Amino acid sequence: MSKTYDPETVERVARDYWGARRCFEVDEDPEKEKFYCLTMFPYPSGQLHMGHVRVFTISDVIARYQRMQGKHVLQPMGWDAFGMPAENAAIQRGVPPAEWTYRNIDYMRGQLKRLGYGYDWRREITTCRPEYYRWEQWLFTKLFEKGLVYRKNAVVNWDPVDQTVLANEQVINGRGWRSDAPVERREIPQWFMKITAYADELLEELDCLEGWPEPVKTMQRNWIGRSEGVELSFDVEGSEPVPVFTTRPDTLMGVTYMAVAAEHPLAEKAAAKDPKLAAFLEECKRTQAAEASLETMEKKGMPLGISAIHPISGEKLPLWVANFVLMSYGTGAIMAVPGHDQRDHEFAARHGLPIRQVIAPADGREVDVSAAPFTEHGILINSGEFDGLNFSEAFDAVADWIERSGRGERRVHYRLRDWGVSRQRYWGAPIPIVYCNACGAVPVPESQLPVVLPEDVEFKGIGSPLKQMPEFYQTTCPRCGGEAERETDTFDTFVESSWYFARYSCPDSTAAMLDEREAYWMPVDQYTGGIEHAILHLLYARFWQKLMRDFGLSSAGEPFTNLLTQGMVLKDGAKMSKAKGNTVDPQQLIDRYGADTVRLFMMFTAPPEQALEWSDEGVQGAHRFLKRFWHAVQQHVEGDRPPPLDPAALGEAGKELRRKTHRTIAKVSDDVGRRYTFNTAVAAVMELLNAVSRFEDDSAAGRAVVREALESAVLLLSPIVPHICHELWQALGHATAPVEERWPAADESALAQSMIEIVVQVNGKLRGRISVAADAGEDVISEMALADANVQRFVADRTIRKTIVVPGRLVNVVV
RNA sequence: GCCGAGGUGGCGGAAUUGGUAGACGCGCUGGCUUCAGGUGCCAGUGGGGGAAACCCCGUGAAGGUUCAAGUCCUUUCCUCGGCACCA
């Protein structure tokens with residue numbers, strides 16, 4: 001064994017060993033317990049960033065640990081290869097998106113191999129390949145037949161200068177990022193998937209996902225946003241009645257005005273005769289479509305000049321158009337109760353509309369609703385026959401009244417909206433639809449799939465190149481054979497990432513989207529990825545899993561049994577990003593220190609769910625530890641090989657080191673296997689190695705204890721720093737490799753201790769420590785505690801009111 | 001605005017079930033090694049007092065529950081993330 005630690009060589013040897021033995025290639029084996037360990041696959045942006053290294057290392061540690069538990073572990077890797085950056089690169093550098101993407105994939109694959117991740121590379125998936133996306137096109141056509149997809153108008157950000165649709169990301173302060181022109185909201189026809197048809201199931205099954213973090217489930221629950229209420233119609237002078245949805249029918253008598261969205265037909269009808277109003281609607285349509293900006297902007301509005309009629313009182317209610325009412329939620333119109341709703345109150349205060357109290361606090365408090373709305377549930381007042389009812393009584397009474405009068409009914413609404421999957425972009429999977437003048441929108445038949453995206457394109461950045469390619473869009477109708485045009489929009493890239501996890505089980509299947517191998521591997525046992533995907537990706541993936549189940553492609557209803565969401569990598573307190581210029585290139589660190597140092601730093605610096613603060617000194621510290629580890633083993637193997645360990649022959653110091661070894665095994669097993677706190681696992685092994693370096697018994701028995709400690713440390717660290725552990729394990733005289741070894745088990749007998757330390761408190765403050773027999777009774781312990789000199793000083797002649805003994809931990813004397 | 005996470009030494013963090021606050025590492029200080037820089041090794045390191053034994057203070061802020069609170073409750077301040085076309 002070399003005297004100095006040379007990561008470059010050590011890591012090459014380990015990699016070659018794993019590669020030659022195909023250690024990470026797995027096929028279905030019904031005899032063995034499977035473990036499917038997956039990370040969210042990367043977008044091939046060019047090179048790995050620190051966030052990638054972090055998430056892949058976390059997953060690789062779990063996979064390698066599970067392997068050492070004897071499980072049959074699948075860990076695949078692939079590329080989420082469609083997306084906007086490829087188009088931007090094409091515009092900026094004149095490289096076609098496909099070429100740019102494939103080049104990036106080749107480079108990043110090399111980086112992943114260099115980092116030593118245990119992937120089954122035979123299963124690699126690249127989503128921009130027709131053999132992959134043909135199956136999502138296929139499923140889309142099946143969904144079309146079942147009525148689970150449909151086309152309707154939806155709002156996009158439109159850049160009037162570049163004549164193109166902009167992503168929210170490309171809108172900066174309301175202007176196009178390239179043209180700097182004010183962005184407009186424009187309605188265009190787009191394809192939607194009916195995720196709302198699965199809203200209840202997506203919501204209810206969250207309760208069964210015990211392996212998911214509670215915050216993620218809460219976010220999904222809120223996102224789905226199930227609310228029970230009533231839908232009712234208000235008559236309008238000279239117009240059709242306007243339906244509204246409310247979760248607070250108990251506040252019906254507090255309605256003082258009504259408001260509709262700018263896109264609402266009533267608003268547009270009124271604007272036809274009123275240029276000022278038309279200008280206001282234009283202004284609303286120019287502002288950004290993102291919810292965050294809608295919610296924070298001023299509550300602007302204009303009266304439509306017409307009134308609705310209150311269904312009970314017959315009172316006239318002015319109708320307004322308001323920028324905070326969304327056409328996409330509920331009915332696009334609201335009954336406004338300024339006395340008991342925050343937004344209605346702000347709007348009423350700003351526009352001088354009346355505010356009326358109809359709910360009083362149940363505890364009899366006085367509230368002034370003209371100053372601030374009272375939004376809690378309470379007792380009805382000023383509501384005629386409904387006075388005195390509480391929330392649920394009033395809900396039922398008003399809902400019954402509405403249903404009896406035929407004005408509406410109880411309804412469940414969801415915040416969740418159907419998923420718009422159309423993107424007016426080139427670099428995505430073509431939506432497999434043909435438009436025929438005679439037959440309308442016709443799905444492409446299975447025999448004509450895939451609809452292949454042409455990769456050899458000229459890219460100018462104005463609109464989608466597909467619109468300039470008649471050889472792509474000119475076609476014949478699959479139904480009538482007449483002239484027809486293909487859809488030139490492509491899928492949202494979330495479509496590819498909604499089913500790739502299942503496809504890893506059978507990536508080479510040409511006959512079907514999924515085959516019988518899926519049943520062995522799915523669902524994923526451990527899924528790891530960024531918290532930023534807590535809602536959209538994870539919800540869409542759950543939705544697609546249910547679709548695949550309902551088409552008989554899978555028997556699993558949920559795709560991911562356990563979910564780990566890792567934190568971001570920060571530098572100087574901000575997320576590492578090119579825009580902020582605070583990135584650190586992992587490649588430079590690998591070149592300088594080796595993969596193990598980078599992996600160790602990532603695992604040691606913070607627990608996986610927390611944000612990780614970058615530190616150059618921390619990387620050096622990790623490297624220093626690996627050098628110390630190397631030298632500890634190197635020094636040990638230089639001496640004579642010790643005889644087998646005989647626990648009975650050990651002295652006190654030997655027993656102590658052995659106890660430390662087995663305590664460390666127990667702690668690291670728990671930290672890595674259950675808690676996923678890799679930072680404390682590393683810390684525990686560091687403590688063990690510190691104990692080894694302080695241990696001075698160089699006798700045969702002493703060296704045997706040291707050997708056990710070192711061998712344990714090597715196995716315990718091998719999932720985190722696999723290359724160096726591979727080398728050290730063999731240096732310690734083993735013919736095998738850690739990757740083939742079983743995880744060590746703590747020896748209960750080594751943990752036993754005859755004397756333990758107990759802390760003594762007086763009135764909750766630490767005043768002394770005593771050493772007692774491990775099996776001492778409470779009486780003996782409190783007697784010894786009181787005998788302690790320092791404890792005596794604080795007790796003195798005061799009366800002891802109580803003595804609390806916590807076995808094995810502490811005594812608290814209350815005086 | 002809504003939703004979610006977080007706030008502990010100079011820094012990253014530990015404290016797993018309400019029971020010794022600061023494990024482990026970084027940094028810093030002193031010493032040894034070295035021509036020197038670096039590396040390596042040893043010791044110290046929350047703040048204040050003390051020669052020491054020890055004592056007082058201390059987990060964003062303010063209250064509360066408890067024999068005992070970083071941990072539970074109430075109020076509050078601040079930071080970060082998501083909000084449907086970034087992936």
Side-chain angles (χ1 to χ4, degrees), chain A residues 40 42-43 45 80 82-85 154 156-157 165-171 190 213-216 218-219 221-223 225 289-297 324 328 342-343 346 415-417 419-420 422-425 492-494 497 530-537 539 565 567-568 570 573-575 601 604-607 609-622 624-625 627-628 631 667 670-671 674-675 677 679-680 682-687 690 693 757-767 769 789-790 793 801-804 806 809-815:
Chain A
M40 293 178 188
Y43 177 79
S45 54
D80 190 12
F82 278 133
M84 237 173 21
V156 294
N157 301 307
V165 172
L166 297 178
N168 285 340
E169 183 183 63
Q170 298 171 313
V171 179
Q190 309 200 50
E214 209 49 55
V216 173
T218 304
M219 282 191 262
R221 278 188 197 104
N222 292 338
W223 189 256
E291 186 181 339
S293 31
L294 288 171
E295 288 280 342
T296 45
M297 62 198 183
F324 69 92
S328 51
Q342 188 62 44
R343 287 176 306 180
E346 279 175 46
R415 208 185 78 96
L416 181 69
R417 307 201 291 264
W419 175 15
S422 295
R423 296 292 179 270
Q424 299 69 38
R425 303 194 178 282
D492 177 3
T493 58
F494 274 122
S497 56
I531 183 74
E532 66 274 21
H533 293 293
I535 300 171
L536 291 184
H537 161 60
L539 195 63
T565 51
M568 292 179 305
L570 312 177
K575 180 178 182 171
F601 168 74
F604 178 59
T605 304
E609 309 217 65
Q610 269 182 43
L612 181 151
E613 183 69 41
W614 185 262
S615 151
D616 291 325
E617 293 79 15
V619 178
Q620 286 172 33
R624 191 178 306 151
F625 170 74
K627 283 194 281 187
R628 273 205 296 265
H631 286 129
K667 164 121 182 97
D670 190 43
D671 285 354
R674 179 182 66 89
R675 295 210 301 154
T677 51
N679 55 331
T680 53
V682 172
V685 178
M686 285 174 168
E687 280 190 62
N690 289 344
S693 70
E757 190 188 77
I758 298 264
V759 162
V760 185
Q761 298 179 335
V762 178
N763 285 352
K765 294 207 172 192
L766 175 64
R767 298 301 182 193
R769 296 157 200 278
N790 201 45
R793 278 179 52 209
R801 283 185 21 222
K802 206 198 270 189
T803 304
I804 292 142
V806 183
R809 281 191 179 270
L810 60 70
V811 178
N812 188 12
V813 183
V814 186
V815 297

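Throughout, a chain's letter reflects where its sequence line sits, starting with A, and its residues are numbered from 1. Quantities reported herein were computed from a predicted structural model and do not represent experimental measurements.
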_When you compare the side chain of A:Tyr43 with that of A:Thr493, does any pair of heavy atoms fall below 4.5 Å?_
no

*Contact class for A:Thr803 (heavy atom, under 4.0 Å): base, sugar-phosphate, or nothing?*
nothing

*asked:* I want to verify the glycosidic state of B:rG6; is it syn or anti under the 90° rule?
replied: anti

*Give one of base, sugar-phosphate or nothing for A:Trp223, where a contact means two heavy atoms less than 4.0 Å apart.*
base

*Who is the Watson-Crick or G-U wobble partner of B:rA51, with both distances under 3.5 Å?*
none

*asked:* For a quick check of understanding: with a heavy-atom distance under 4.0 Å over all strands, which category does A:Val216 fall into, base, sugar-phosphate or nothing?
replied: nothing

*Check the pair A:Thr680 / A:Asp671 against side-chain hydrogen bond (donor to acceptor under 3.5 Å, both in side chains), numbers first and verdict last.*
CA-CA 7 Å; A:Thr680 53; A:Asp671 285 354; 2.8 Å; yes

*Starting from C1' on B:rA84, measure out to CG on A:Asp492 and report it in whole angstrom.*
9 Å

*Contact class for A:Met40 vs. all strands (heavy atom < 4.0 Å): base, sugar-phosphate, or nothing?*
nothing

*With a 4.0 Å cut-off on heavy atoms, is A:Gln190 in touch with a base, just the backbone sugar-phosphate, or nothing at all?*
base

_d(CD1, A:Ile535; C1', B:rC2) in whole Å_ = 11 Å

*Hey, are the side chains of A:Leu536 and A:Trp223 touching, using non-hydrogen atoms and a 4.5 Å cut-off?*
yes

*Does the A:Gln190 side chain pair with the main chain of A:Arg423, one donor and one acceptor, at a distance under 3.5 Å?*
no

_Does B:rG25 have its OP1 or OP2 closer than 4.0 Å to a side-chain nitrogen or oxygen of A:Asn690?_
yes

*Using whole Å, report how far CG of A:Leu416 lies from P of B:rA84.*
13 Å

*Watson-Crick/G-U partner (both atom distances under 3.5 Å) of B:rU66*: none

*asked:* I'd like the C1' distance from B:rG13 over to B:rG25, given in whole Å.
replied: 9 Å

*Among B:rC24, B:rG82, B:rC86, which nucleotide sits nearest the side chain of A:Asn168?*
B:rC86

*Using the closest heavy atom to pick a nucleotide of RNA chain B for each, name whichever of A:Tyr43 or A:Val813 lands nearer the 5' end.*
A:Val813

_Spacing between A:Glu169 atom CD and B:rC85 atom P, to the nearest angstrom_ = 12 Å

*Whole-Å distance separating the NZ atom of A:Lys575 from the C1' atom of B:rU79*: 16 Å

*Rounded distance (Å) that lies between atom P of B:rA87 and atom NE2 of A:His533*: 10 Å

*asked:* Go nucleotide by nucleotide along RNA chain B from the 5' end; which of A:Pro85 and A:Ser615 gets its closest nucleotide reached first?
replied: A:Ser615

*Around A:Arg675, counting heavy atoms of other residues, nucleotides and ligands shown, do more than 12 lie under 6.0 Å from its CZ?*
yes

_Tell me whether A:Arg221 is salt-bridged to A:Glu214, with the criterion being a basic N under 4.0 Å from an acidic carboxylate O._
yes

*Would you indicate which nucleotide in B:rA84, B:rC3, B:rG40 comes nearest to any side-chain atom of A:Asn222?*
B:rC3

*What distance, rounded to whole Å, do you find between the two P atoms, one in B:rU76 and one in B:rG27?*
42 Å

_Can you tell me the base-pairing partner of B:rU29? Count Watson-Crick or G-U wobble geometry only, both distances below 3.5 Å, and say none if there is no partner._
B:rA43

*Shortest non-hydrogen contact from A:Leu612 toward A:Phe601*: CD2-CE2, 4.1 Å

*State the pairing partner of B:rU76; accept Watson-Crick or G-U wobble contacts with both distances under 3.5 Å, and report none otherwise.*
B:rG60

*Between B:rG64 and B:rA14, how far apart are the P atoms? Round to whole Å, please.*
30 Å

*Nearest-neighbour nucleotide for the A:Arg793 side chain, B:rG4, B:rC55, B:rC26 considered*: B:rC55

*Checking all strands, does A:Glu532 fall into the base, sugar-phosphate, or nothing category for heavy-atom contacts under 4.0 angstrom?*
base

*According to the Watson-Crick and G-U wobble definitions, with both distances under 3.5 Å, which nucleotide is paired to B:rC2?*
B:rG82

*Give a yes/no on whether any side-chain N or O of A:Arg767 is located under 4.0 angstrom from OP1 or OP2 of B:rC55.*
yes

*For A:Met40 and A:Gly530, work out which heavy atoms get closest and say how close.*
SD-N, 3.7 Å

*Is a side-chain donor or acceptor of A:Gln170 paired with a backbone partner of A:Ala167 at a separation under 3.5 angstrom?*
yes

*Considering non-hydrogen atoms only, spot the tightest contact between A:Ala534 and A:Met219 and give its length.*
CB-CE, 3.8 Å

_Please encode protein proximity along nucleotides 6-23 of chain B as a string of B, S and -, counting only heavy-atom distances under 4.0 Å._
------BSSSB--BB--B

N/O contacts under 3.5 Å, protein versus nucleotides 57-64 of chain B?
{"unit_1": "B:rC57", "atom_1": "OP2", "unit_2": "A:Lys765", "atom_2": "NZ", "d": "2.9"}

*Measure from CG on A:Asn157 to P on B:rC83 and round the result to the nearest Å.*
14 Å

_Nearest-angstrom distance from the residue atom CG of A:Asp616 to C1' of B:rG25_ = 15 Å

*For A:Leu766, which of A:Leu810, A:Asn790, A:Asn812, A:Val759 qualifies under side chain to side chain contact (heavy atoms under 4.5 Å, CB included)?*
A:Val759

_Side-chain (A:Asn763) to main-chain (A:Val815) donor-acceptor, under 3.5 angstrom_ = yes

*Return the nucleotide paired to B:rG12: Watson-Crick means purine N1 to pyrimidine N3 with N6-O4 or O6-N4, wobble means G-U with N1-O2 and O6-N3, both under 3.5 Å.*
B:rC24

*Looking only at N and O atoms, is any donor in the side chain of A:Gln424 or the base of B:rC85 less than 3.5 Å from an acceptor on the other one?*
yes

